[in-house]
Amino acid sequence: MRYAEFSNGTKIIDGERGIADLQILLCGLGASRVMIIGDRHMLSEGFLDKVKDSVSKGGEVAIGAVYLGENLQDSASILNDMYFVYMSNGCDGIVVCGSGKLVDYAKLLRLELSTQVKDISKFFNNSTIGRKVIDVPLIAIPYRFGVGNECNALAVYYDAQKKLSRNIFHELLSPDYCIIDGNIMSSASKSAMAYGVLNTLGKAIDGFIATHYAVVGIAIKQVDGHAIGKIFSKVALTNLRSKALDMLESSQEEKVMNFALESAYLTKGLDESGMGMVYSLALAISDVKGINYFECLPVAIRASLDFNLRVCSDKYSQALWSFVGWQEYSQYPQEDRAKGFVSCVKDFVDEILAKYVEEYTPITFNDDERQAVAIELSYNPHMLNNPRRFDPIAIKAVLK
């Protein structure tokens with residue numbers, strides 16, 4: 001079992017039976033009666049039973065309630081239900097086992113409970129309100145690697161009135177622990193793993209490929225002494241491709257778990273600067289097209305790269321000059337490195353889709369949908385490429 005900790009506070013623990021020490025961790029956080037959040041898939045696979053057994057082992061922590069999330073599109077309704085279940089059962093801590101929206105809602109529930117601010121819209125923009133009033137422990141156990149929201153201070157809330165997703169950043173959204181359990185991770189399908197690879201790749205691109213070189217320069221110039229720079233160099237730039245393909249081809253649980261852990265590291269590094277262009281594009285496309293976020297990742301990765309080539313090719317090449325690894329493009333002269341890198345990444349995306357996601361259907365856009373995506377991005381103040389600087393015309397042009 002290994003342990004890691006970074007600046008946003010979430011402690012990452014991984015191991016073959018990572019959830020075995022849940023009861024000890026909860027006691028250390030001061031929880032005595034917890035609410036377990038999961039879904040029917042986790043229940044049918046038997047993982048929720050394992051979580052329940054680990055929580056109640058020793059008798060010092062009781063299970064106050066088990067909540068199974070359904071119809072996760074309706075954020076307001078889900079949060080109201082979770083709040084009612086938590087309060088009516090006298091809970092004082094949360095354990096969420098799942099990924100994506102389920103983890104986001106558990107984090108938002110913690111934010112409501114900790115700050116005693118029940119109106120989530122108060123957190124749509126950066127604000128000084130919402131300081132911790134009571135302590136609500138939160139432990140997240142992901143079952144799909146590469147997502148990363150179980151390790152950061154970001155949550156996505158679907159605003160039903162405006163029909164768009166809102167990114168919310170708050171320090172209280174960081175779980176106390178992220179437990180990466182090898183038994184849970186290795187049960188994922190090859191398709192799910194492939195999308196996890198693409199999500200990790202997208203976050204790696206977001207970390208260094210920004211509209212303005214000054215934004216990414218911090219991580220590049222301080223790579224030897226800065227935690228974020230170390231993570232990007234190790235995960236994103238040195239051998240991401242070889243590790244991803246090796247993991248997808250292997251049935252070894254250890255390789256799956258190692259990739260999951262590095263994906264978590266990468267997300268922790270991104271936490272301070274926002275989730276970036278790829279993430280924001282994929283989320284906007286998902287809302288506009290009504291398609292699962294993961295299915296939108298390939299087009300978002302390609303469009304983000306094309307956007308940077310179109311808008312800031314000089315600074316883009318300058319940033320790439322400091323990259324390590326990715327030998328496929330290192331042969332190019334400096335002025336052609338950006339195009340070489342884009343070509344290399346696109347080939348990698350195509351390779352992943354062709355080998356492991358047979359059901360993937362290419363996404364196309366009409367003019368109204370391109371406009372809608374650009375409008376959604378304008379509501380995302382936390383995008384690494386700040387909306388005050390991104391070019392809506394260029395965004396629409398790269399959505400082919």
Side-chain angles (χ1 to χ4, degrees), residues 10 13 18-120 123 130 132-144 147 149-150 155-158 168 170 172-179 181 183-184:
T10 301
I13 295 176
I19 64 174
D21 294 327
L22 259 177
Q23 185 260 344
I24 297 174
L25 297 177
L26 288 167
C27 285
L29 293 171
S32 61
R33 187 175 178 85
V34 302
M35 175 178 173
I36 297 176
I37 299 173
D39 59 23
R40 297 198 182 279
H41 171 74
M42 301 300 294
L43 182 65
S44 65
E45 293 291 328
F47 294 131
L48 280 189
D49 288 336
K50 294 179 181 179
V51 170
K52 289 164 62 177
D53 291 343
S54 180
V55 167
S56 57
K57 181 176 62 178
E60 296 183 49
V61 180
I63 299 173
V66 177
Y67 182 92
L68 298 180
E70 304 290 342
N71 187 25
L72 297 178
Q73 288 295 335
D74 188 355
S75 296
S77 176
I78 287 287
L79 282 172
N80 285 337
D81 288 347
M82 285 183 169
Y83 189 91
F84 174 79
V85 171
Y86 184 95
M87 296 298 293
S88 61
N89 287 280
C91 298
D92 60 4
I94 304 168
V95 174
V96 56
C97 189
S99 288
K101 293 182 185 298
L102 203 60
V103 174
D104 279 349
Y105 290 137
K107 292 161 69 173
L108 290 170
L109 174 63
R110 181 203 203 183
L111 182 60
E112 289 182 338
L113 294 165
S114 298
T115 61
Q116 298 293 289
V117 177
K118 198 175 178 183
D119 183 3
I120 286 296
F123 300 97
K132 183 166 66 174
V133 177
I134 59 174
D135 190 38
V136 180
L138 172 61
I139 295 178
I141 308 167
Y143 77 87
R144 178 185 287 160
V147 178
N149 58 344
E150 63 278 351
V156 179
Y157 177 94
Y158 184 73
I168 300 174
H170 196 286
L172 291 174
L173 291 173
S174 295
D176 295 293
Y177 288 94
C178 166
I179 300 178
D181 189 298
N183 290 318
I184 295 177

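Quick note: residue numbers are just sequence positions, from 1.
Note that the CD atom of Glu112 and the CG atom of Leu172 stand 12.5 Å from one another [nearest 0.5 Å]. The distance from the CG atom of Leu109 to the CD1 atom of Ile37 is 5.5 Å, given to the nearest 0.5 Å. How far CE of Met35 is from CE of Met87: 11.5 Å, rounded to the nearest 0.5 Å. Note that the CD1 atom of Ile94 and the OG atom of Ser114 stand 7.5 Å from one another [nearest 0.5 Å]. Note: Ile141 CD1 to Lys50 NZ = 12.0 Å, rounded to the nearest 0.5 Å. Taken to the nearest 0.5 Å, the CG atom of Leu22 stands 10.0 Å off from the OG atom of Ser56.
Between Lys52 and Val66, some side-chain heavy-atom pair lies under the 4.5 Å cut-off. By the 4.5 Å heavy-atom criterion applied to side chains, Ser32 and Val61 are not counted as neighbours. In this structure, Leu111 and His170 have side chains that are in contact, with non-hydrogen atoms separated by less than 4.5 Å. Residues Val117 and Phe123 have side chains in contact (heavy-atom distance under 4.5 Å, counting atoms from C-beta outward). Side-chain contact check for Ile13 versus Leu25: some heavy-atom pair is nearer than 4.5 Å.
When atom types are taken as modelled, the side chain of Asp92 and the backbone of Ala31 share no donor-acceptor pair closer than 3.5 angstrom. With hydrogens and angles ignored, the 3.5 Å screen pairs no side-chain donor or acceptor of Lys101 with any backbone N or O of Tyr157. Asp39 contributes a side-chain N or O that, together with a main-chain N or O of Met42, makes up a donor-acceptor pair within less than 3.5 Å. Side-chain N or O atoms of Asn89 include none that pairs as donor or acceptor with a backbone N or O of Ala65 at under 3.5 Å. A donor-acceptor pair under 3.5 Å is absent between the side-chain atoms of Tyr177 and the main chain of Leu26, judged by distance alone.
Between the side chains of Ser75 and Tyr105, at least one donor N or O sits under 3.5 Å from an acceptor N or O.
A salt bridge is defined here as a Lys NZ or Arg NE, NH1 or NH2 lying under 4.0 Å from an Asp or Glu carboxylate O, and Arg110 with Asp176 meets this definition.
Nearest approach of Leu173 to Lys107, heavy atoms of both residues: O-CE, 2.9 Å. In terms of heavy-atom proximity, Thr10 sits nearest to Ser174 at OG1-CB, 3.4 Å.
Proximity of the aromatic rings of His41 and Phe47 is defined here by a centroid distance below 6.0 angstrom, and this criterion is not met.
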